[in-house]
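This report refers to the structure that appears directly beneath it.
In what follows, chains are A, B, ... by sequence order, proteins preceding strands, each numbered from 1.
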Amino acid sequence: MSNTSYLNELNDVQRQAVSHIHGPLMVIAGPGSGKTRVLTYRIAHLINNDVQPYRILALTFTNKAAREMKERIERVVGPAANKVWAGTFHSVFARILRVEAPKIGYPGDFTIYDRDDSKSLVNDIIKNLRLDKKVYNANALLSRISSAKSNLITPQLYAQDAELMSYDKMQKRPMTHEIYKRYVNRCFNAGAMDFDDLLLQMFRLLHKNPEEVRAKYQRMFEYVLVDEFQDTNYLQYRIIKLLVDYEGSPYNICIVGDDAQSIYSFRGATIENIFQFENDFPEVAVYKLEQNYRSTEHIVKAANEVITFNKKQIKKEIWTDTPGGNKIKVMRAISDSEEGRIVSNAIIEYKNRYHLANSDIAILYRTNAQSRVFEEHLRRNDLKYKIYGGLSFYQRKEIKDVLAYVRLTVNPRDDEALRRVINYPRRGIGKTTLDKLAEYAREKEISMWHALVEVAPGVRSRKQMEEFIELIKSLRQKNQMSNAYETVLYIVNKTGIYEHLRSDNSIEGISRLENINALMDGVKDFVEQDEVIEDEFTSMDRSLSGWLQNVALLTDLDNDPDEKDFITLMTTHSAKGLEFPAVFVVGLEENLFPSFMSMGTSEEVEEERRLFYVAITRAQQYLSLSYAASRYQFGQIRFNDPSRFLEELGDENLETVEGRRHGSSGGSRFPEPKKIGGIKKLRQSRRAMPAIDVANFSPSPTEKIIEGAEVLHLKFGKGKVVKIDGARDNRVATIEFENIDDPTRRIMLRFAKLQVLG
DNA sequence: GGGGGCTATGGGGGG
DNA sequence: CATAGCCCCC
């Protein structure tokens with residue numbers, strides 16, 4: 001046995017968990033309690049105890065987590081770490097399905113439909129059925145379909161389920177089951193799997209082939225570990241059980257999780273799996289990691305405090321033995337843009353006072369749309385930053401266009417890809433032709449590609465269609481003879497995409513071209529990867545098809561940025577598992593965090609609270625929370641109360657910051673907020689703020705704004721002009737507003753949006 | 001029958 | 001603020 005000095009880096013509970021080799025094991029791990037360390041050291045420990053690396057399966061939820069895990073294992077055991085089956089549920093199953101999918105009727109080169117593909121497919125089905133797409137909302141239907149799949153409810157079972165059917169009837173969507181059925185058929189006929197299918201088809205594969213397939217993987221995966229178990233759904237748990245729960249199994253299953261950090265119930269995750277696990281594996285050994293090594297005392301205490309407002313939880317209290325540290329700062333901004341300014345000013349101050357690097361700092365928000373104002377202010381202050389998520393590289397139009405051709409090259413039955421590019425670049429195949437084609441395909445239950453081949457000879461746009469067919473055939477032929485890079489190069493040239501983009505000299509056009517080039521570089525890297533791992537699953541993976549499968553499951557989070565020292569901007573969801581010396585959690589307002597979409601039931605609010613818990617526990621030393629009194633949301637100004645979560649942190653952990661004056665900093669049209677009171681007091685004063693009917697708001701011409709006029713301002717509400725000074729373009733109105741804390745405001749008429757009343 | 005421009009509509013978190 | 005669908009022109 002090799003070096004086991006890593007055991008000395010662990011506390012007692014951690015060490016027990018790591019050294020637990022045989023039988024089921026559950027680790028409940030609070031934030032910052034060394035969960036990843038336990039997981040990786042346990043894998044290293046297994047390898048040191050002569051377990052073959054490729055017989056260890058470690059499932060995570062993000063590629064990043066999987067990659068980090070591998071890197072950390074490698075530091076202990078060396079290159080053998082690369083043979084561990086560590087990856088996301090989706091990527092590991094996709095890898096297996098590439099080999100095994102033909103056993104359940106799919107091609108090995110199956111396409112992965114992303115969310116947009118699924119959505120346009122559902123919309124097409126709705127159109128075919130002549131249903132009202134306002135009633136039959138594609139997103140609602142997709143979430144219905146997704147949750148059916150995640151609960152192993154087939155279209156047949158769905159139609160027999162009285163509860164589901166009556167719910168749909170109540171929602172005025174009685175045809176949901178029919179849409180579900182058609183959706184499944186259309187995906188299957190296109191040789192495509194959506195994200196849920198990667199799990200569902202894996203389940204079906206194991207379930208239907210107990211001898212050849214299931215037994216093979218049961219034997220292969222001697223040890224199974226699941227990270228973030230609280231985020232698993234029913235289907236994922238069933239797959240895990242198929243792999244480890246069988247006659248004669250060693251039951252070497254280890255799950256790691258924290259119910260307080262369960263934030264994915266919207267995609268079917270259920271904490272019930274934790275309770276179920278204890279029932280299914282009664283001999284399970286349970287270890288609770290509660291000592292927090294990450295954050296200073298006030299942060300830890302506030303986190304404990306806030307989570308007690310949730311009824312549903314496994315009792316657990318995190319603690320730290322390093323007392324002291326800063327209190328949590330709470331900052332109020334008058335508007336969303338002001339919030340951007342306050343936060344970037346605070347960042348500058350932190351960097352100076354605490355000598356922080358950009359990379360020590362993160363701004364976390366509830367929704368991607370909030371990133372814009374921070375971006376603006378950070379750029380203005382020359383602070384380097386990187387935004388994660390949002391429109392990822394692979395979701396950009398030009399990238400999706402190229403990928404659609406790649407998909408067609410690999411699998412011409414891919415209807416969604418075909419629809420996307422059959423007329424891009426323009427080749428004279430319009431809506432009418434496409435509709436005819438689609439109808440033909442639907443009647444004969446064949447793919448659009450086959451329809452195209454059959455229909456082409458006898459119709460008016462014959463020539464264009466035949467050209468397209470020849471194009472795709474030539475791409476396929478090229479792919480037979482060349483490597484992935486050469487084929488993609490051929491694709492962008494032969495299809496005319498490259499030419500088309502090069503003729504566009506706008507800034508957007510140039511950036512599109514750059515993106516295509518970046519994509520090409522990516523393929524090249526992929527092809528030239530020199531790492532050779534010879535097994536049934538990876539030896540063939542340098543192909544175009546392998547590359548496609550790879551990128552289909554990548555997200556923005558997976559790209560390493562060129563610049564190293566940057567401030568991180570990301571959603572609270574994607575921040576899970578990360579930590580930063582200084583964290584700014586922003587937009588802490590009712591209707592935003594908690595989200596207006598999740599305020600209906602107490603369960604939903606509890607999930608939002610767990611999300612908040614995740615957010616604040618990312619901070620190691622300096623935590624700042626901010627909220628804006630007014631904010632642009634959906635194209636209008638909204639006034640929201642400060643988030644309820646701010647009141648749940650325990651006042652002794654908070655420090656409410658006075659708005660500092662930065663008179664010369666300019667840029668903002670809004671005066672600094674003056675004295676900031678306690679949050680409760682603010683709440684009351686805010687309530688007096690009238691909601692402005694934005695639809696009927698129309699700014700008056702500036703000459704109408706004279707002394708004594710009653711005016712309405714979009715952000716500040718109703719007020720009276722007391723004075724006008726300056727001349728022409730530089731006129732400034734002094735206005736007393738009725739319902740804001742700091743009523744006297746000076747407003748530049750050139751920029752102001754004021755409506756004269758009466 | 002295809003192409004281009006305009007209007008209306010919807011808008012969360014992610015593999 | 002982005003995309004889909006619609007209308008009008010070629």
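In this structure, A:M597 places its CE atom 6 Å from C1' of B:dG12, rounding to the nearest Å. In this entry the distance linking NZ of A:K119 with P of C:dG5 reads 11 Å, nearest Å. Atom CE of A:M570 and atom P of B:dG13 are 14 Å apart (whole Å). Atoms CZ (A:R267) and C1' (B:dG12) sit 13 Å apart, rounded to a whole Å. C:dA4 atom P lies 9 Å from atom CZ of A:R420, rounded to whole Å. Between the CZ atom of A:R115 and the P atom of C:dT3 there is a distance of 16 Å, given to the nearest Å. Rounded to an integer number of Å, the gap from CD1 of A:I263 to P of B:dG13 is 12 Å. One interatomic measurement links the two molecules: CZ of A:F61 to C1' of B:dG13, which rounds to 14 Å at whole-angstrom precision.
In this structure, B:dG14 forms no base pair with any nucleotide, since neither Watson-Crick nor G-U wobble geometry is met with both distances under 3.5 Å. B:dC6 and C:dG5 make up a base pair, with Watson-Crick or G-U wobble contacts both under 3.5 Å.
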Next item on the list: Evaluate salt bridge (Lys or Arg N to Asp or Glu O under 4.0 Å) for A:R427 paired with A:E467, printing each intermediate quantity in order.
Entry: CA-CA 9 Å; A:R427 57 172 67 86; A:E467 266 172 32; over 6 Å; no
Distances under 3.5 Å between nitrogen or oxygen atoms of protein and nucleotides 5-9 of chain B:
none

Give every pair of a protein N or O atom and an N or O atom of nucleotides 1-4 of chain B that lie under 3.5 Å apart, one pair per line with the distance.
residue	atom	partner	partner atom	Å
B:dG1	OP1	A:K436	NZ	2.9
B:dG2	OP1	A:G430	N	3.0
B:dG2	OP1	A:T433	OG1	2.4
B:dG2	OP2	A:T432	N	3.2
B:dG2	OP2	A:T432	OG1	3.3
B:dG3	OP2	A:N423	ND2	2.9
B:dG4	OP2	A:R426	NH1	2.5

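Contacts of A:T367 with the nucleic acid, taken as non-hydrogen atoms under 4.0 Å apart, involve only primed sugar atoms and P, OP1 or OP2. Backbone-only contact: A:N368 has heavy atoms under 4.0 Å from sugar-phosphate atoms and none from a base.
Ion pair A:K576/A:D231 flagged as a salt bridge, since at least one NZ, NE, NH1 or NH2 atom sits closer than 4.0 Å to an Asp/Glu carboxylate oxygen.
For the pair A:R372 and A:K127, nearest-nucleotide mapping onto DNA chain C gives the more 5' position to A:R372. Residues A:N139 and A:Y264 each lie close to DNA chain B; by heavy-atom proximity, the contact nearer the 5' end of the strand is made by A:N139.
A:R267 forms a cation-pi arrangement with A:Y264, by the criterion of a distance under 6.0 Å to the ring centre and an angle within 45° of the ring axis. A cation-pi arrangement is found for A:K386 relative to A:Y388, the charged atom lying closer than 6.0 Å to the ring centre and inside a 45° cone about the ring normal.
A centroid separation of 6.0 Å or more is found between the aromatic rings of A:H573 and A:F61. Note: A:F584 and A:F374 fail the aromatic proximity criterion, with ring centroids not under 6.0 Å apart.
Side-chain contact, A:N123 with A:Y136: no donor N or O sits under 3.5 Å from an acceptor N or O. No side-chain N or O of A:S147 forms a donor-acceptor pair with one of A:S150 less than 3.5 Å apart.
Heavy-atom minimum distance, A:H90 versus A:F195: CD2-O, 3.3 Å. Shown here for A:Q201 and A:I104, the closest heavy-atom pair between the two residues is O-CD1, 3.5 Å.
For B:dG13, the base is stacked against the aromatic ring of A:F266, per a cut-off of 5.5 Å between centres and 30° between planes.
Under the 3.5 Å distance criterion, the side-chain polar atoms of A:R173 are matched with a main-chain donor or acceptor of A:V135.
Counting only heavy atoms from C-beta outward, the side chains of A:F612 and A:S643 never approach each other to under 4.5 Å.
Across residues 606-618 of chain A, A:E608 each have a non-hydrogen atom less than 4.0 Å from an atom of DNA chain B (numbered order).
A:N137 has no side-chain polar atom (N or O) that falls below the 4.0 Å cut-off from OP1 or OP2 of B:dG10.
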